[in-house]
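Below, each value reflects all heavy atoms present in this structure, side chains not excepted, and no hydrogens, waters or symmetry copies.
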Amino acid sequence: MPIKLLDQAEALQSQGYLARAASIYRKLTKLEPASDPEAWLDAGLGLIACLRSLGQTPEAEKVWAKTHKLALRHGDVELRERLDLEKVLIDRAAERYTKSIKGLQRHLRRFQKQRDLCGQSFALWAIAGALRFSGDLSGSHKTFLASLTAGRKSKDKSAVAYALFGLGGVTRILGRLADSKRYYAQAMRLLAKTKDVFGQAYAHCGLANVLRQRGELKEALRLYLAAHKLYSALGDAVDLAYVDWGLGQIYLRTGKLALAEKHFRLALGAFLKDRETRGVVLCEQSLAAILHASGRTAQAEKLFDQTLARARKAKIHTHLELFT
C-alpha cells in the first residue's frame, strides 16, 4: 500500500477536496488488502466518508460492506466502532433520519463515557442536523447549542465552526435572521485563516442565504459567487447546486426570470443525480413559481403537486420552510 498516497488523500480530505481524495482512496482500495490490511482499512474508511459527504450513498454502502468484511478479520474494537459510526452517517446522508438519530445517540453515549469532547460535539452536531431535516426545529436548535458547548470545551476550532454553521441554519429556518447572520459570520471569521476550504465555502453560502432572506441582495450575490468558485474548485456537485439555487433565488427576486430558471435547472440536475431530495424539492418549487409567473400555470400546478408528494414521501418539510 503506497503510504504517501494515503497521506495525500487524507490531507485533501481534511481541506474539503473530497472528490479528489475519493479518487485516490478508490485506487488504493483496488489494491490487494492482504499486502497491508491496516492501511487498506484506513483507505476504505476515508473513501466511505468522502462518498457519503458527497451524497454518493449507494457507492458508500458498497464500500462499507467490503471494508466491514475485512475489519471483522483484521480490525480491533476501535476500528469497528468507527465503521459503525460511518454506517450511521450513511443512513443520515440517505435521509433515513430516525434510524440515524438512534445510532448517533448510541455513539454520543460512547463519547461521553470516553470523555471525548470533540466526539461529543460531532455526534451532537450530526443529531441536530437530522432533527432539523426531520422537522424538529426546537430539538435541533437545542442540540446544536449543546454541540457548540462541547466544541468550545474541547478547544477544537473546527468543532466550534460547524456547530455555528448548524445554529446559523436552524435559526434561519426559524426566521431569527439576525441570530443566523451572527452565527455564520462568527464561523466565517473562525475558518478564514485555516486550510478548511470546504468550511470557507460553506460559510460564504450560509451567510449568503441569510443575507438574501434579509433583502441584502447585493452582498448575498457577492458571497454566492465566492462560494460558487470555492465549491467548483472542490468538485462538490451537491453543495455547488445549493449555490446555484441561491443564485436563482436572487435573480427571481430581481425579476430576471430566464436567468433564475437557468440556475434552478442546473441545480435540479445535480440534485436528481445525487438523490438530494431536499434540493430537488427546493428547485421544483422554485421552477413551479417561475412557470406560473411565465403564464404556464398548468405545468406549474403539475410540478408543484409532484414535488409536494416527493417531500411527503421522504418525510421532510422543506416545502413548509418559509425562511430557507
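Ring planes of Tyr162 and Trp125: perpendicular class, angle over 60° (limits at 30 and 60°).
Rounded to the nearest 0.5 Å, atoms CG (Leu41) and CG (Leu83) are 7.5 Å apart. Here the straight-line distance linking atom OG1 of Thr171 with atom CG of Leu145 works out to 9.5 Å at 0.5 Å rounding.
Within the structure, ring-ring contact (aromatic ring centres under 6.0 Å, His included) contacts touching residues 277-298 (residues at least two apart or in different chains) do not occur. Sorted by first and then second residue, the side-chain hydrogen bond (donor to acceptor under 3.5 Å, both in side chains) pairs involving residues 97-109 (not counting sequence neighbours) are Asp84-Arg106, Asp84-His107, His107-Arg110.
Remark: side-chain polar atoms of Ser232 are paired, donor with acceptor, to backbone N or O of His228 under 3.5 angstrom. A donor-acceptor distance shorter than 3.5 angstrom exists from the side chain of Tyr184 to the backbone of Gly169, with no hydrogens or angles considered. Side-chain N or O atoms of Ser154 include none that pairs as donor or acceptor with a backbone N or O of Leu117 at under 3.5 Å.
The pair Glu59-Lys62 fails the salt-bridge criterion, with no side-chain N (NZ, NE, NH1 or NH2) lying under 4.0 Å from an Asp/Glu carboxylate O. A salt bridge between Arg265 and Glu284 is absent, with no side-chain N of the basic residue lying under 4.0 Å from a carboxylate O of the acidic one. A salt bridge is absent between Glu61 and Arg52: the closest approach of a Lys/Arg side-chain nitrogen to an acidic carboxylate oxygen does not fall below 4.0 angstrom. Ion pairing between a basic and an acidic side chain is recognised when a charged N comes within 4.0 Å of a carboxylate O; Glu301 and Arg296 show no such pairing. Between Asp179 and Arg182, at least one side-chain nitrogen of the basic residue sits less than 4.0 Å from a carboxylate oxygen of the acidic one, meeting the salt-bridge criterion.
Partner of Asn209 under the side chain to side chain donor-acceptor pair (under 3.5 Å) criterion, out of Tyr242, Trp245, Tyr224: Tyr224 alone. Partner of Glu216 under the side chain to side chain donor-acceptor pair (under 3.5 Å) criterion, out of Lys218, Gln213, Arg214: Arg214 alone.
In plain terms, the two heavy atoms of Thr67 and Gly44 that are nearest each other are OG1-CA, 3.8 Å. Between Leu79 and Ala71, the closest heavy-atom pair is CD2-CB, 3.9 Å. Scanning all heavy atoms of the two residues, the minimum distance from Gly151 to Ala159 falls at CA-CB, 4.0 Å. What you find for Thr143 and Leu124 is that their closest heavy atoms are CG2-O, 3.3 Å. Taking each heavy atom of Ser140 and Ala128 in turn, the nearest pair found is OG-O, 2.8 Å.
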Original post:
Can you check side-chain contact (heavy atoms from CB on, under 4.5 Å) on Val170 and Tyr183, steps first, answer last?
Top reply: CA-CA 10 Å; Val170 74; Tyr183 286 131; over 6 Å; no
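Defined by atom type and a distance below 3.5 Å, a donor-acceptor pair is missing between the side-chain atoms of Thr307 and Gln285. With no hydrogens or angles considered, a side-chain donor-acceptor pair links Gln13 and Tyr25 at under 3.5 Å.
By the side-chain hydrogen bond (donor to acceptor under 3.5 Å, both in side chains) test, Arg132 pairs with no residue at all, sequence neighbours left out.
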